[in-house]
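All remarks here apply to the structure that follows.
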Amino acid sequence: MQLRKSFAAGFTLIEMMAVMGIMVIMMALAAPMIGDFATQAGRRGAVNILLNSFENARVAALQSGTNVYIGFADQNFPVEDMRYNSFIIFRDRNEYDTTPDTQQYVYLTGWRQLPDGISFQRQTNSVLNPANANRTINETDNFPQFAAGTLPIVQFMETGGIVQPAAGSGSNPLAVYIYEGFFDSTNNTEVNTSQIAGVDKFSLARFTGRIRHEISFEAI
């Protein structure tokens, strides 16, 4: 009985090129979806970071019996890449601190940056309105990455409530906004990269210091 030999047919060059072409097209179609997913994940991450950070600052004020501040890097911050996407939590010294007498503040965190592609809004009715509260930093304070000047701040009292920005500073000063985009330092403008309407708004209760998150469609 004669046995037949079987030969495995290989791909021809044309077939391989066709498969590679299909893969390239599929990758090109998937790239925007992957990018959108990463940005949305970053936005959700920023929401969680801010909710936790503001609550931690409120609790720190209650525990330390001192003023606690959340400071924001604005357009005058010396590190360009940190402008409008970074913040720090610090407090006044108390009698139990061992920091130098010339240093007014104790730093509870270093500078924290929002996820890539997420920034703070500079809305006139928000905490980051330049007309609202600012905290003066002196060179002797040894402030991280910031020698001297002023920072926009939210100030928690020892009772956990918010004393700054004060009432009347803007139409609704006790709010912080984030959006998908970045601050263009060269042109002093905000570049919105989102395809989704609305921004994330964090409202702050003055007397309790509690924070609440919502999607806002207010004009920017």
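Starting from 1, each residue takes its place in the sequence as its number.
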With sequence neighbours excluded, residues passing side-chain hydrogen bond (donor to acceptor under 3.5 Å, both in side chains) with [X]:
X	answer
Asn56	none
Glu55	Arg58, Arg210
Ser86	none

Taken in chain and number order and not counting sequence neighbours, the residues that satisfy salt bridge (charged side-chain N to carboxylate O under 4.0 Å, His left out) with Arg135 are none
Mind checking whether Phe77 and Trp111 have ring centres under 6.0 Å apart?
yes
Side-chain donor-acceptor contact under 3.5 Å, Thr66 with Arg93
no
Task: Lys/Arg-Asp/Glu bridge criterion (N-O < 4.0 Å) met for Arg43, Asp200 - done: yes
Rounding to 0.5 Å, atoms OG1 (Thr136) and CG (Asn138) come to a distance of 7.0 Å
*Following the transitive rule for hydrophobic clusters with a side-chain heavy-atom cut-off under 4.5 Å over Ile, Leu, Val, Met, Phe, Trp and Tyr, establish whether Phe54 and Tyr107 coincide in one cluster.*
no
Closer than 3.5 angstrom, by distance alone: can the side chain of Ser203 be matched with the main-chain N or O of Ala175 as a donor-acceptor pair?
no
Notebook entry, point to check: So, does Asp141 use its side chain to make a donor-acceptor pair with the main chain of Phe143 at under 3.5 Å?
Noted result: no
Sorted by chain and number, sequence neighbours left out, ring-ring contact (aromatic ring centres under 6.0 Å, His included) with Phe202 holds for His213
Tyr69 meets the ring-ring contact (aromatic ring centres under 6.0 Å, His included) criterion, sequence neighbours left out, with Phe90, Tyr105
Side chain to side chain, Tyr84 and Leu128, heavy atoms closer than 4.5 Å:
yes
Within-4.5 Å side-chain heavy-atom neighbours: Lys201 and Arg212: no
